[in-house]
Amino acid sequence: MKPSSHVLFTICAGFMLASGLHAGPTVITVAANQPGHQVSPSLWGIFYEEINHAGDGGIYAELVQNRAFEEMLVAAGARMEGDQMVTPKGFKHGKWYKNELHAWSLIANGGAKASIALDDALPLNDQTPHSMRLEVQQTGTRAGVANEGYWGMYVRNGETYDLSFYARTEGDQTVTAQLESADGKQTYATAKVPGVAGKWQRYACKLTATGTDPQARLTLCVSKPGTIWFDVVSLFPKTYKDRPNGLRPDLVKQLQGLKPGFVRFPGGCVVEGVTLGNRIQWKNTIGDIARRPGRWDLWGYHNTEGLGFHEYLQLCEDLNSEPMYVINAGLSCAFRSAEEVTNPDELKPYIQDTLDALEYANGPVTSKWGALRAKNGHPEPFKIKYVEIGNENFGPQYFKNYRPFYDAIKASYPDIITIADCPIPNQPVEIIDEHYYVAPPWFFANEKKYDTYDRKGPKIYVGEYAVNNNVGSGNLLGALSEAAFMIGMERNSDVVVMASYAPLFENVHNRAWAVNLIRFDSARSTGRSSYHVQTMFSAHRPDVTLPTLVEEPGKPAPKSGGGIGVGTWNTQAEYKDIKVAQNGKTLYQSDFAKGTEGWEMTGGDWKTRDGALRQSAGGNNLLAITGDPSWTDYTLTLKARKLGGDEGFLILFHVKDAENMAHWNIGGWGNTRFAVEQKEGGANREIAKGGPDGGIESNRWYDIKVEVQGGKVSCYLDGKLIQTAKLTPPQPPAGIYALGGKDEKTGQIILKAVNPGPVPLDTTIRITGAAKLKPKARVITLAGDQPSDENTLEDPTKVVPVESTFDGVAPEFNYTLKPYSLTILRIDTSG
Ligand code: AHR
């Protein structure tokens with residue numbers, strides 16, 4: 001094949017380099033004397049959500065699971081049907097709890113006669129209506145209860161633990177608290193709490209361990225027969241900065257390693273809730289933990305909310321990060337139950353709740369909520385800087401609800417920067433949040449995504465991004481593709497002002513999301529290879545970008561083109577007279593009298609009827625595909641009729657496979673708008689938006705035409721041109737991605753380069769416009785032997801950054817990038 005030059009990118013209009021064909025190695029040229037835009041100190045942040053037991057059984061240091069016996073709390077507004085939780089809109093969640101006394105068990109040894117049960121008589125308070133009743137007829141050698149913690153409690157030799165519990169009794173008791181092995185055979189600490197008697201009271205003691213056990217348990221045993229009720233049983237180890245109700249120090253350390261510019265909290269979908277009543281309500285999450293009811297967390301477990309609004313703000317302060325607070329915009333999760341507040345009067349409490357939260361965080365101590373913050377131990381304001389209005393909301397109701405929040409926030413806190421979940425027609429939008437959960441090819445292919453974004457439009461916050469498919473539970477190739485995408489974000493950080501990988505944490509015993517940044521169990525934690533990519537980008541974030549040109553001679557030009565198809569999204573429709581023509585030649589003509597021969601379906605109920613191809617099932621993204629993946633430049637014509645459902649038509653073209661294609665989405669987003677979307681590695685990207693208002697009518701045939709010529713797409717409905725779009729040519733996965741920048745304090749050039757390929761890559765690095773260059777550079781390399789390499793709790797340092805030096809920097813020098821690597825060179829421009 002004839003070699004060709006593949007130019008990945010140039011920035012800065014004044015930066016001109018010869019980039020024609022040439023043989024030889026890959027060349028990276030950095031213009032040291034042409035500083036580009038400033039890179040925001042808040043570019044790289046973190047996304048925190050209660051998912052995968054990130055908080056409870058995670059960074060929130062509480063060791064007792066189901067401490068308040070509220071495990072059975074269902075989402076507000078939902079009901080139980082058998083072991084399913086069902087929302088008013090019919091969304092079902094399968095059985096999530098083990099039993100109402102989950103994590104608790106009875107101890108009845110040596111002839112003891114005792115039982116435990118959930119009780120709602122005489123509750124501790126109206127926030128925690130349930131307690132645990134222990135009835136002991138005979139104590140035998142031991143009678144009481146045990147709590148197994150979150151997959152075991154980590155007890156460490158010499159460490160002191162703070163135990164507290166509420167109890168009421170009939171008669172009086174001495175309660176013996178112990179830290180012991182899961183089978184009860186080893187005792188690590190014992191403390192006696194005498195005089196437990198009468199009405200609800202709080203009791204507390206300390207336990208100092210004499211042994212280490214990552215799987216220990218807590219036991220509470222009584223001294224005599226009788227009945228005792230327990231509630232809010234809490235056990236804390238040493239916490240970060242010894243804060244009461246605090247955090248696990250090792251996990252805080254992992255976060256410190258990320259040096260996050262901001263912390264987004266508290267989510268994620270949990271902000272929206274599975275019903276509106278299930279949304280996070282910050283006022284329930286502050287103050288005494290015994291008065292926090294907790295909430296059913298839509299990731300499938302009870303959340304104590306012991307880690308609440310105040311603790312999130314404290315964490316931001318401890319990490320020296322800007323707080324980014326995400327609020328509910330009067331919409332529950334669109335993918336689950338999609339409840340909406342449509343009445344402006346009913347939206348008012350939601351807006352007031354936001355203003356109260358901001359007053360709690362930012363208001364003076366003389367204000368109502370600022371005074372409560374002071375009472376809770378923090379007189380100084382926390383200074384929330386960003387507020388995101390909603391999470392993953394879109395569509396007409398979001399567009400309506402957004403503005404009153406925006407106006408109210410800006411009226412009271414003009415300095416707060418607001419973030420919208422999507423572009424909102426005719427409304428002031430400062431920053432838009434984009435989310436990408438994709439496979440590695442998508443990130444490689446989209447390294448240039450932001451190069452063409454409108455510099456005059458709203459800024460972009462890439463609020464959630466991660467490789468989370470085709471990589472098992474995460475691997476080095478995924479991390480390198482994220483690094484390539486981050487290079488693209490950093491290069492475009494005049495537009496992409498913030499980004500946060502998601503999700504952050506995973507307790508390995510409860511992986512609700514496929515791939516997460518930091519894994520842990522009760523005792524251990526490790527950052528995945530993606531974590532180290534994040535730490536490297538944070539630690540080596542330049543102050544300004546430098547124009548960088550990457551030339552890759554010999555890289556084969558990517559091939560575009562592909563077959564065609566039709567599809568539906570929560571809609572029933574039929575298609576006929578499907579024709580693909582190229583320069584007057586017919587490449588394909590449907591003949592549904594012969595059935596569906598030659599078509600491949602990804603799901604749904606596709607049948608031929610009356611000469612048309614009909615899809616009759618419910619469900620999303622039901623596709624029928626045909627044609628040749630090598631077809632290019634053609635005109636697709638067809639007729640389409642909607643039979644029922646929420647949306648309109650999906651017209652597929654340039655189809656390589658179900659994960660890699662483009663489509664015209666006619667009447668998407670609940671039949672509200674049209675868009676051309678390109679899907680790479682399974683992830684959709686809108687490449688043209690707009691179209692006429694209103695959607696597709698049922699029971700009427702539409703004429704559709706899609707012309708694809710040289711990467712340009714023109715889409716016609718009933719003979720009228722509706723939208724045009726430009727397809728991004730697909731990128732081959734291997735290649736090189738590089739970016740230079742400057743650290744203004746040290747004057748150093750920071751050069752980042754990703755080699756995702758299996759072989760060492762010889763490069764020539766040219767630094768133009770630097771008066772002086774020191775020969776010795778600092779090098780930080782993250783690399784592995786296999787793209788599938790990954791860190792685990794058992795092998796936590798398989799893929800970690802390695803420091804070295806390189807002695808050979810000159811205006812032009814050779815450097816070999818390791819296979820499967822991210823390399824950072826810090827080059828001194830002085831001396
Ligand atoms: O990060 C996990 C989830 O992904 C978040 O809750 C949500 O915002 C997105 O859908």
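Given the structure is predicted, the values throughout are model-derived calculations rather than measurements. Atoms within each ligand, like the ligands themselves, are counted from 1 in listed order.
For the atom pair CD1 (Ile327) and CD1 (Ile419), the distance works out to 11.0 Å, reported to the nearest 0.5 Å.
For a threshold of 3.5 Å applied to N or O pairs, the pair formed by Tyr437 and ligand 1 contains at least one separation below that value. Between Cys269 and ligand 1, at least one N/O pair is under 3.5 Å apart. Checked against a 3.5 angstrom limit, the closest N/O atoms of Glu392 and ligand 1 fall inside it.
Using a 4.0 Å cut-off between heavy atoms, Asn391 contacts ligand 1 through its side chain alone, with no backbone atom that close.
Of the residues Phe265, Tyr312, Tyr501, the one that meets the ring-ring contact (aromatic ring centres under 6.0 Å, His included) test with Tyr48 is Tyr312. Of the candidates Tyr450, Phe47, Trp44, Phe262, Phe262 is the only one forming a ring-ring contact (aromatic ring centres under 6.0 Å, His included) with Tyr461.
Among all non-hydrogen protein atoms, the one lying nearest atom 3 (C) of ligand 1 is Glu464 OE1, 3.6 Å.
Interface atoms of ligand 1 facing Trp299, defined by a heavy-atom separation under 4.0 Å, are 3 (C), 6 (O). For ligand 1 and Glu49, the ligand atoms under 4.0 Å from any heavy atom of the residue are 1 (O), 2 (C), 3 (C), 5 (C), 6 (O). Interface of Phe47 with ligand 1, defined as ligand atoms under 4.0 Å from a residue heavy atom, comprises 1 (O).
At a 4.0 Å cut-off, not a single heavy atom of Phe335 sits close enough to ligand 1 to count as contact. By the 4.0 Å heavy-atom criterion, Gly267 is excluded from the residues contacting ligand 1.
Between Glu305 and Arg295 there is a salt bridge, since at least one side-chain N of the basic residue sits less than 4.0 Å from a carboxylate O of the acidic one.
At most 12 non-hydrogen atoms from other residues, nucleotides or ligands lie less than 6.0 angstrom from CG of Asn320.
Between His53 and Trp151, the ring planes lie perpendicular to each other; the angle is over 60°, past the 30° to 60° tilted range.
Within the structure, side-chain hydrogen bond (donor to acceptor under 3.5 Å, both in side chains) contacts touching residues 395-404 (residues at least two apart or in different chains) are Gln397-Asn401, Arg403-Asp407, Arg403-Gln427.
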